[in-house]
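Encoded as C-alpha cells, the structure appears first; notes follow it.
Since this is a predicted model, take the numbers as computed values, not measurements. Residue numbers start from 1 in every chain, and the chains themselves are labelled A, B, ... in the order their sequence lines are given, proteins ahead of strands.
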Number of protein chains: 2
Amino acid sequence: MFLKRANFSMSIVPFIMNANKKKKPSELEIFRNFLKRHGLRYTPERETIIREIFSTHEHFDVDSLYIAMRHKGQRVSKASIYRLIPLLIKANLIEEVFFDSGQMHYEHIYGHEHHCHLRCQECRRIEEFSDERVAEIEKELGEKFNYKILRHKLEVIGICSRCQKKALDT
Amino acid sequence: MFLKRANFSMSIVPFIMNANKKKKPSELEIFRNFLKRHGLRYTPERETIIREIFSTHEHFDVDSLYIAMRHKGQRVSKASIYRLIPLLIKANLIEEVFFDSGQMHYEHIYGHEHHCHLRCQECRRIEEFSDERVAEIEKELGEKFNYKILRHKLEVIGICSRCQKKALDT
DNA sequence: AGGCTTATTGACATTGAATAACAATTTCTT
DNA sequence: AAGAAATTGTTATTCAATGTCAATAAGCCT
C-alpha cells in the first residue's frame with residue numbers, strides 16, 4: 001500500500017507537475033528582465049558580479065566579494081558592486097541579512113526558501129534555520145496593524161558550543 | 001465565586017509580593033553598580049546622557065540624542081556618547097535594535113518587556129509587538145544547535161496603511 | 001582633607017563604508 | 001550607423017564611528 005503510493009508519487013506526479021510548470025529562469029534571466037522593464041542596461045560588469053554572487057550560496061559583503069573577484073582576475077570597480085546591490089534587492093534576488101563589523105551583509109534569496117540566522121557572538125559562525133511560526137506572526141501582524149507585509153528578519157544571537165567550551169578553558 | 005477570587009488577587013497577593021520583592025532599582029543605580037564592579041567611574045557627563053536616554057521610551061541614535069541634548073543646553077561631546085553606549089549594552093540597559101539610514105538605532109530595555117519591531121519601509125514608522133512564539137523558537141534553537149542563546153531581534157518590514165493609501169494616489 | 005593613580009573628557013585626527021561627481025565609454029533604440 | 005542616455009572607473013566626498021592625547025577629575029588610600 002505505502003510502497004505503491006510512494007511509487008506513484010515518485011513517478012507520475014513530478015511528470016504532471018513539470019507539464020504545468022515552466023523551467024525556472026536563472027538569476028541572470030530574471031535580472032535581464034528586470035533591467036529591461038526599468039530601461040536599464042545589461043553590461044559585462046554586471047554579469048560578472050552576478051555570476052560571482054550566485055556561484056555559491058554564501059553570505060557576502062561588498063569587500064570580500066571584491067577581494068574574491070580580484071583573486072580570480074575579474075576586475076570590476078567596487079563602485080560598480082555598490083551600484084549593483086540596490087538593483088539586485090529591488091529585483092528580489094538578494095537581501096540584506098545583517099549589519100556586523102561595520103558593514104552590511106547580504107545573501108541571495110532567489111530559489112532558496114526564506115530562512116533566518118542564528119549567529120555566534122564570539123566566532124561569528126552562522127546557522128540557518130526556518131520556522132513556519134514566523135510566517136504566522138507576520139500574517140497576524142499585517143492584519144492587526146493594517147500593514148502590507150514585505151519581509152522579515154529574525155536574528156538569534158548566542159554562543160556556539162565551541163565558544164562556550166573555549167570560555168571554560170580561560 | 002469569580003468576584004471573590006478577583007478581590008483576593010487584587011488585595012492580598014500584591015501585598016505578599018511586595019513583601020518579598022525589593023524596590024526596583026533605577027537605571028542609574030544599576031549603572032553605578034555596573035561601573036563599580038568594573039572599576040569604572042561615575043561622571044556627570046555619563047549621568048546626563050543616561051538621564052536623557054531614559055527620559056522617554058523612544059528609540060534613539062547617537063546623532064539625534066546629541067542634537068536633543070544640545071537643544072536643552074546639555075553639552076557633552078559626541079565621543080562621550082559613543083563611548084558610553086557599549087557600557088550601557090554590557091550593563092543590559094540598552095540594546096541595538098536596527099541599522100537604518102547609515103546608523104545604528106538603540107532603545108532602552110531595562111524595565112521593559114522585550115519586544116520586536118514592525119517597521120514601515122516608506123515612512124519609517126515603527127510599531128512594537130511581542131509574541132511568545134519567538135521565545136519558543138529561541139529555546140528550541142538553543143537545544144538543536146547547542147547554543148547558549150543570548151537574545152533575538154525580529155524585524156518585520158512592510159508598508160503601513162497610510163503609505164499604502166498614498167501609493168494609490170500617485 | 002590631601003595626594004596619587006588612573007579613568008574620562010573634549011578636541012582633533014583618522015578610519016573605512018558608502019555615495020557622489022564626472023569624463024570617457026558602451027549599450028540599446030530607431 | 002548614429003545618437004541619446006546609462007554605465008564605467010577614477011577620484012573626491014560624506015559621515016558614522018573610533019583612535020589619540022593632553023588636560024582634567026573621580027575615587028581610593030592614608
Length of the CD1-C1' vector between I81(B) and dA17(D), whole Å: 13 Å

Rounded interatomic separation in angstrom, taking CZ from R41(A) and P from dT27(C): 9 Å

Heavy-atom donor-acceptor pair, E29(A) side chain to S26(A) backbone, under 3.5 Å: yes

Is any side-chain N or O of R83(B) under 3.5 Å from a base N or O of dG19(D), one able to act as donor and the other as acceptor? no

Return whichever of D63(A) or A79(A) has its heavy-atom-nearest nucleotide of DNA chain C closer to the 5' end. D63(A)

Is any NZ, NE, NH1 or NH2 atom of the basic residue among K144(B) and E127(A) found under 4.0 Å from an Asp or Glu carboxylate oxygen of the other? no

5' precedence on DNA chain D between S77(A) and P86(B) (nearest-nucleotide basis): S77(A)

Atom CD of E96(A) and atom P of dA17(C): how far apart are they, to the nearest Å? 16 Å

May I ask you to decide if C160(B)'s main-chain N or O and E122(B)'s side chain share a donor-acceptor pair within less than 3.5 Å? no

Taken to the nearest whole Å, CD1/I50(A) to P/dT7(D) is 12 Å

Quick one: Y106(A) OH to dA17(C) P, roughly how many Å, whole number? 12 Å

Out of dG10(C), dT27(C), dA18(C), which nucleotide sits closest to the side chain of M104(A)? dA18(C)

Is R46(A) close enough and on-axis enough to F31(A), meaning under 6.0 Å and within 45°, for cation-pi? no

Please determine if a side-chain N or O atom of T43(A) lies less than 4.0 Å away from the OP1 or OP2 oxygen of dA6(D). no

From the list dA17(D), dA17(C), dG9(D), which nucleotide is the closest neighbour of the side chain of Y82(B)? dA17(D)

Between atom CG in L84(A) and atom C1' in dT7(D), what is the gap in whole Å? 12 Å

Can you check the R32(B) CZ to dT8(C) P distance for me, whole Å? 14 Å

Between P of dT7(D) and CD1 of I49(A), the distance in whole Å: 12 Å

Would one find a side-chain N or O of R46(B) under 4.0 angstrom from OP1 or OP2 of dA26(D)? no

